[in-house]
*Asks:* 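There's a structure below that I have some questions on.
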Amino acid sequence: MAHFFDEPSRTFNEYLLVPGYSSKECTLENVDLSTPIVKFKKGEESEIKARIPMVSAVMQSVSDNNMAVALAKEGGISFIFGSQPIEKQAEMVRKVKSYKAGFVTSDSNLRPDQTMADVLELKKRKGHSTIAITDDGTSDGKILGIVTGRDYRPSRMDPDTPISEFMTPFEKLIYAEEGVTLSEANDILWGHKLNALPIIDKNQRLTHFVFRKDYDNHKSNPNELLDRHKRYIVGAGINTRDYEERVPALVNAGVDVMCIDSSEGFTEWQSDTIAWIREKYGDGVKIGAGNVVDRDGFFFLAEAGADFVKVGIGGGSICITREQKGIGRGQASAVIEVAAARDEYFEKTGVYVPICSDGGIVYDYHMTLALAMGADFLMLGRYFARFDESPTARLVVNGNYVKEYWGEGSNRARNWQRYDMGGDAKMKFEEGVDSYVPYAGPLSDNVKLSLNKVKATMCNCGFMDLESLRNGAKITLVSATSIVEGGAHDVILKDSSQNSLR
């Protein structure tokens, strides 16, 4: 007879944290959100620790090299998507590892024969006002000029005006040559009252920009997550098909940690992949695995040698695995059981294997609940897809700014490897959707806001670090009526658009 669980499959929305005693020392500034990413033995420390418990999902519409740099600045880790050619993914990893803080590769570039209409379209799509004009329109082409918002007036100029007629030409630019230090570049910026300083090589090719705004940003990033060589830490996703070629390429590119990207991880495919990595690299290469939703799945991957285990099937906002296959589990129930299995495994073996909660986060307070239920860190897709740094275009749909967001199981992504169960190398049916998410602005501002909420909740409960939260939190189930009671009710809400005018 089939096994039936006694409890319903529950989501984060069905729980609340119960406040506890807070001392005077329990302030937001004193809360420590650092967390282990890879396994470690009792009495030792994890070789990779994040300063915040957030990583970005292994998705085409979420995690590229730009997202990786932005999140590492805040103390988290991006897992660059693997549903792309091996060399292209490895190049993204190399870009993160070679990124020099303060030196930015230009992603807004045009040719001089293009027009003001192209400038306006690029600015709308990228949101950047400084545009490099190069001979071939690429980020490393020969620089011929720069266009900023001071160089044109849309209301008084023909959209077909060639860029060459209104750009600031190279001979009038103030620039620095390759090899300049960040300190020297900032001195030039401030000395000439510039907003952007192009860095060029001996062949007049653009290598980077240094922006005035980044000076303050760099000073305000005390949580930067760096390796021992002072390079940003970056992760990458792999699959169980081409790992013998993909893993060496990523390791050579400098990747810090990898994760097998699969919708369901309790498989021989994953144990074979981990075994190959251990045989070739030993414990020096870090590899997470998943996804699982119960004790048996966790023990299988932990014993196979996984450095961390991802938890969650079907809980993502763009995932329709539960609809299509009828498999999965409420994310709260899954995290609670797998966290208990992790602790049991630690008691038996003396090896702590961190767990990552992947999916099911709708509101910021769900992050705190997931961490209190036992997650060591959280993998987020929709959350990060909304920001400037995600790889997708910013669009206007029905008068609102949005960003595109699609699942790895959608026909658009065609990431059949993630759902591979042997047989033909193709997708049999969709397990994800193609969608939009509301545009939310820069990553830094949003992450700080979300984590301040997490810290405030921890203070309300009397905890100043994640380990004490996991071990001491008091959590209660809520009824449907109390969920209604928890929001605004029995009042007439004012129109927020009217409020903003006052």
Side-chain angles (χ1 to χ4, degrees), residues 37-38 47-48 55-69 71-72 77-99 227 231-265 267-291 301 304-310 356 358 379 381 391 407-410 412-427 431-432:
I37 300 296
V38 298
E47 289 185 40
I48 301 177
V55 302
S56 67
V58 190
M59 300 177 71
Q60 294 175 8
S61 55
V62 178
S63 298
D64 65 355
N65 52 289
N66 293 319
M67 176 62 71
V69 168
L71 187 50
I77 302 174
S78 282
F79 284 84
I80 293 176
F81 70 96
S83 51
Q84 60 177 321
I86 293 172
E87 184 50 42
K88 189 173 180 182
Q89 186 187 26
E91 179 59 25
M92 287 187 179
V93 171
R94 277 192 289 270
K95 285 182 178 179
V96 178
K97 300 307 289 187
S98 63
Y99 182 91
D227 65 17
R231 302 173 303 179
Y232 287 128
I233 286 179
V234 60
I238 65 169
N239 61 67
T240 57
R241 280 275 185 151
D242 65 10
Y243 58 86
E244 292 185 16
E245 295 79 35
R246 191 174 293 272
V247 169
L250 294 171
V251 170
N252 290 336
V255 74
D256 296 282
V257 57
M258 292 175 288
C259 178
I260 302 173
D261 182 33
S262 174
S263 67
E264 201 276 300
T267 73
E268 187 176 2
W269 304 106
Q270 294 219 2
S271 61
D272 285 350
T273 303
I274 297 169
W276 183 87
I277 291 172
R278 292 290 174 249
E279 181 179 351
K280 185 172 177 63
Y281 296 101
D283 291 329
V285 167
K286 306 304 179 184
I287 179 70
N291 287 19
L301 292 177
D307 284 294
F308 67 85
V309 173
K310 268 204 304 159
C356 168
D358 178 17
M379 179 169 279
E408 290 297 293
S410 67
R412 179 171 184 174
R414 295 198 173 280
N415 184 6
W416 62 268
Q417 295 95 332
R418 188 176 198 273
Y419 303 87
D420 184 31
M421 298 180 70
D424 295 337
K426 63 181 182 180
M427 287 182 63
E431 294 189 43

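What you see below is based on every heavy atom in this structure, not just the backbone, and it leaves out hydrogens, waters and symmetry mates. We count residues from 1, following the sequence as given.
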*Asks:* Looking at every heavy atom in both Phe79 and Met379, which two are closest together, and how far apart are they?
*Replies:* CD1-CE, 3.9 Å
*Asks:* Could you check whether atom CD of Glu47 has more than 12 heavy atoms from other residues, nucleotides or ligands sitting under 6.0 Å from it?
*Replies:* no
*Asks:* Check Val55 against Cys356 and note the closest heavy-atom contact, atom names and distance.
*Replies:* CG2-SG, 4.4 Å
*Asks:* Mind listing the closest non-hydrogen atom pair of Asp261 and Lys310 along with its distance?
*Replies:* OD1-NZ, 4.3 Å
*Asks:* Please report the shortest heavy-atom distance between Gln270 and Ser262, naming the atom on each side.
*Replies:* NE2-CB, 3.2 Å
*Asks:* If I take atom NZ from residue Lys286 and atom SG from residue Cys259, how far apart are they, to the nearest 0.5 angstrom?
*Replies:* 15.0 Å
*Asks:* Below 4.5 Å, heavy atoms only, C-beta onward: do Lys95 and Val69 meet side chain to side chain?
*Replies:* no
*Asks:* Side chains of Met92 and Gln84: does their closest heavy-atom pair fall under 4.5 Å?
*Replies:* yes
*Asks:* What is the minimum heavy-atom distance between Ala289 and Ala306, and which atoms define it?
*Replies:* CB-CB, 4.0 Å
*Asks:* Please tell me if the side chains of Ile287 and Ile238 come closer than 4.5 Å, counting only heavy atoms from C-beta onward.
*Replies:* yes
*Asks:* Before giving the answer on side chain to side chain contact (heavy atoms under 4.5 Å, CB included), spell out for Ile77 and Ile48 the whole-Å C-alpha distance, their side-chain angles and the decisive distance to 0.1 Å.
*Replies:* CA-CA 10 Å; Ile77 302 174; Ile48 301 177; 4.1 Å; yes
*Asks:* Taking all heavy atoms of Ala236 and all of Leu250, pick out the closest pair and write down the distance.
*Replies:* CB-CD1, 3.9 Å
*Asks:* Do the charged groups of Arg278 and Asp307 touch, with an N to O distance under 4.0 Å?
*Replies:* yes
*Asks:* Lys97: what forms a side chain to side chain contact (heavy atoms under 4.5 Å, CB included) with it, not counting sequence neighbours?
*Replies:* Val93, Asp227, Arg231, Val234, Asp256
*Asks:* Taking Ser63 for its side chain and Met59 for its backbone only, find out whether a donor-acceptor pair lies under 3.5 Å.
*Replies:* no
*Asks:* Any side-chain heavy-atom pair from Ile80 and Val96 closer than 4.5 angstrom?
*Replies:* yes
*Asks:* Compare all side-chain heavy atoms of Phe81 with those of Ser56 and state whether any distance is below 4.5 angstrom.
*Replies:* no
*Asks:* For a salt bridge (Lys or Arg N to Asp or Glu O under 4.0 Å) check, start with the C-alpha distance between Arg94 and Glu91, then their side-chain angles and the critical distance, and finish with the verdict.
*Replies:* CA-CA 5 Å; Arg94 277 192 289 270; Glu91 179 59 25; 3.1 Å; yes
*Asks:* Tell me whether Asp272 contacts the main-chain N or O of Ala275 through its side chain, where contact means a donor paired with an acceptor under 3.5 Å.
*Replies:* no
*Asks:* If you measure from CD1 on Ile260 to CD1 on Ile274, what distance do you get to the nearest 0.5 Å?
*Replies:* 4.5 Å
*Asks:* Checking the side chain of Glu244 only, and the main-chain atoms of Trp276 only, is there a donor and an acceptor separated by less than 3.5 Å?
*Replies:* no
